[in-house]
Peer 1: 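Below is one structure. I have some questions about it.
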Protein chains: 2
Amino acid sequence: MGVHRKTRNLELVLDAFRNTQEALSAHLLIERLPVDVNRSTVYRLLDRLEDDGVVHSFLASENIRFYALCKECNQSGHVHSHAHFQCTSCSQVVCLEQEVAVPTLNQYRVDEAQVLLKGQCATCMR
Amino acid sequence: MGVHRKTRNLELVLDAFRNTQEALSAHLLIERLPVDVNRSTVYRLLDRLEDDGVVHSFLASENIRFYALCKECNQSGHVHSHAHFQCTSCSQVVCLEQEVAVPTLNQYRVDEAQVLLKGQCATCMR
DNA sequence: TAACTAATGCGACTGTGTTGCAATAATGCA
DNA sequence: TGCATTATTGCAACACAGTCGCATTAGTTA
Ligand SMILES: [Mn+2]
Ligand SMILES: [Mn+2]
Ligand SMILES: [Zn+2]
Ligand SMILES: [Zn+2]
């Protein structure tokens, strides 16, 4: 898609994702950046990275979009249908290996299945 | 939970849900009420109805909470694990019969599975 | 009918995400 | 290296979902 100049902010954002197993909201991401980066800039970077198939995004609670690195996507389209998990105690979100089967329905053509599992993570269980 | 006085607004909200097969966002609901009802009031009514097991809610895109009547819930708790469908053309949202199986995971205790299917509804397909 | 208090409307607020615009900086090329 | 081009950035203002405190209104009960 868009041109990608190798800017400091872009590198910082990618580093943040590479340094964690978690999925990150824009807010969490900004907290973890070692320098201040403007909110708009972060959103724009995330949009661009998503267009380019570098990250994917999905909604978790409460009405917040989370982002994580893609494994096998590129600018020609996102191909994943894995589930996500959010801990109801610490709010941490992760991508799961679990592939999600897209079911067939009578009345509807289903293109996509979004699955968010909620419960407790290992850390919060003890 | 809370006391339920039989107010005009409460009746109007319940009627709106009874008169449709769709799930409704607060915004859609307000549009369909035959008289003006304040936004805060609508949100408070929806909260109360949800506490009482009369409606359930779930998130659809874009970051919007939808509400629909419950079939077998009451104030002692919500028991449903059905999927929801949202049409990507007309944005309409419906509850599906489809029960969702809550999977078991190694690292996490899963309490709940939220499934949102996206695609096209019958009307939008032709 | 009157007292009690739940429900309501209003305005202000929070938080996520978006946008127009002027300033800045990465890039490619002379 | 120096310069022109233009992508990227920061900022301020905005849109919109949802929440909250508070004064007013209106169900309910006696
Ligand atoms: Mn993921
Ligand atoms: Mn439902
Ligand atoms: Zn946790
Ligand atoms: Zn449709």
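What you are looking at is a predicted structure, and each value in this text was computed from that prediction instead of being measured. Letters A, B, ... mirror the listed sequences (proteins, then strands); counts begin at 1.
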Peer 1: Kindly write out the residues that satisfy salt bridge (Lys or Arg N to Asp or Glu O under 4.0 Å) with A:Arg8, not counting sequence neighbours, or none if the list is empty.
Peer 2: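 So A:Arg8 forms no salt bridge (Lys or Arg N to Asp or Glu O under 4.0 Å) with any residue.
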Peer 1: How many whole angstroms separate atom OH of B:Tyr43 from atom P of D:dT19?
Peer 2: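 To the nearest whole Å, that distance equals 7 Å.
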Peer 1: Linking directly or through intermediates, with side-chain heavy atoms under 4.5 Å: list the remaining ILVMFWY members grouped with B:Phe85, chain and number order.
Peer 2: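 A:Phe85, A:Val94, A:Leu96, A:Val100, A:Val102, A:Leu105, A:Tyr108, A:Val110, A:Val115, A:Leu117, B:Val94, B:Leu96, B:Val100, B:Val102, B:Leu105, B:Tyr108, B:Val110, B:Val115, B:Leu117, listed by chain and number.
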Peer 1: Only counting residues at least two apart or in another chain, list the ones meeting side chain to side chain contact (heavy atoms under 4.5 Å, CB included) with B:Ala68.
Peer 2: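 B:Ala68: side chain to side chain contact (heavy atoms under 4.5 Å, CB included) contacts with B:Ala23, B:His56, B:Cys95.
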Peer 1: With sequence neighbours left out, what residues match A:Glu62 under salt bridge (Lys or Arg N to Asp or Glu O under 4.0 Å)?
Peer 2: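 Result, salt bridge (Lys or Arg N to Asp or Glu O under 4.0 Å) vs A:Glu62: B:Arg65.
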Peer 1: Could you tell me how far apart B:Leu59 (CG) and D:dC16 (C1') are, to the nearest whole angstrom?
Peer 2: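 Taking atom C1' of D:dC16 as the reference, CG of B:Leu59 is at 15 Å.
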Peer 1: How does each nucleotide of nucleotides 24-30 of chain C score, in 5' to 3' order, for protein heavy atoms under 4.0 Å: base (B), sugar-phosphate only (S), or none (-)?
Peer 2: -BBS---
Peer 1: Using C1' atoms of five pairs at each end, report the bend of the helix from C:dT1-D:dA30 to C:dA30-D:dT1 rounded to 10 degrees.
Peer 2: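 Helix axis angle between the two ends: 30°.
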Peer 1: Is there a side chain to side chain contact (heavy atoms under 4.5 Å, CB included) between A:Leu49 and A:Leu10 once you walk through the steps?
Peer 2: CA-CA 9 Å; A:Leu49 290 172; A:Leu10 180 62; 3.8 Å; yes
Peer 1: Which part of the nucleic acid does A:Arg65 contact within heavy-atom distance under 4.0 Å: base, sugar-phosphate only, or nothing?
Peer 2: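 Sugar-phosphate, no base atom in range.
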Peer 1: May I ask you to evaluate whether A:Arg48 reaches the phosphate of D:dT8, defined as a side-chain N or O under 4.0 Å from OP1 or OP2?
Peer 2: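 Checking D:dT8 against A:Arg48, a side-chain N or O does come within under 4.0 Å of OP1 or OP2.
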Peer 1: Among all residues two or more places apart in sequence or in another chain, which pass the side chain to side chain contact (heavy atoms under 4.5 Å, CB included) test with B:Gln120?
Peer 2: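 B:Gln120 satisfies side chain to side chain contact (heavy atoms under 4.5 Å, CB included) with A:Arg109, B:Thr88, B:Ser89, B:Cys124, B:Met125 once adjacent residues are dropped.
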Peer 1: Do B:Ser91 and B:Gln86 pair up side chain to side chain, a donor and an acceptor below 3.5 Å, judged on atom types alone?
Peer 2: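 No, no side-chain donor-acceptor pair sits under 3.5 Å.
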Peer 1: Sequence neighbours left out, what passes salt bridge (Lys or Arg N to Asp or Glu O under 4.0 Å) with A:Asp47? Give chain and number order.
Peer 2: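 Testing A:Asp47 for salt bridge (Lys or Arg N to Asp or Glu O under 4.0 Å), a comparison that skips the adjacent residues, returns none.
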Peer 1: Tell me: CG of A:Leu46 to C1' of C:dT16, nearest whole Å?
Peer 2: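 Distance, rounded to whole Å: 13 Å.
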Peer 1: Tell me, please, which residues at least two apart from B:Arg18 pass salt bridge (Lys or Arg N to Asp or Glu O under 4.0 Å).
Peer 2: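 Partners of B:Arg18 by the salt bridge (Lys or Arg N to Asp or Glu O under 4.0 Å) criterion, ordered by chain and then number, come out as B:Asp15.
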Peer 1: Please tabulate, one pair per line, all N/O donor-acceptor pairs under 3.5 Å involving side-chain atoms of residues 28-40 of chain B, not counting sequence neighbours.
Peer 2:
residue	atom	partner	partner atom	Å
B:Glu31	OE2	B:His27	NE2	3.4
B:Arg32	NH2	B:Glu22	OE1	3.4
B:Arg32	NH2	B:Glu22	OE2	3.1
B:Asn38	OD1	B:Ser40	N	2.8
B:Asn38	OD1	B:Ser40	OG	3.3

Peer 1: Report yes if at least one side-chain N or O of B:Asn9 is closer than 4.0 Å to OP1 or OP2 of C:dT8; otherwise report no.
Peer 2: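 True: B:Asn9 side-chain N/O within range (under 4.0 Å) of C:dT8 OP1/OP2.
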Peer 1: Near DNA chain C, counting only heavy atoms under 4.0 Å, which residues of residues 17-41 of chain A show up?
Peer 2: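 Heavy-atom cutoff 4.0 Å gives A:Arg39, A:Ser40.
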Peer 1: Mapping B:Leu45 and B:Asn63 onto DNA chain C by nearest heavy atom, which one lands closer to the 5' end?
Peer 2: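 The residue mapped nearer the 5' terminus is B:Leu45.
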Peer 1: With sequence neighbours left out, which residue pairs that include part of residues 36-55 of chain A fulfil the ring pair (Phe, Tyr, Trp, His ring centres under 6.0 Å) condition?
Peer 2: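 Every pair satisfying ring pair (Phe, Tyr, Trp, His ring centres under 6.0 Å) with a residue in residues 36-55 of chain A: there are none.
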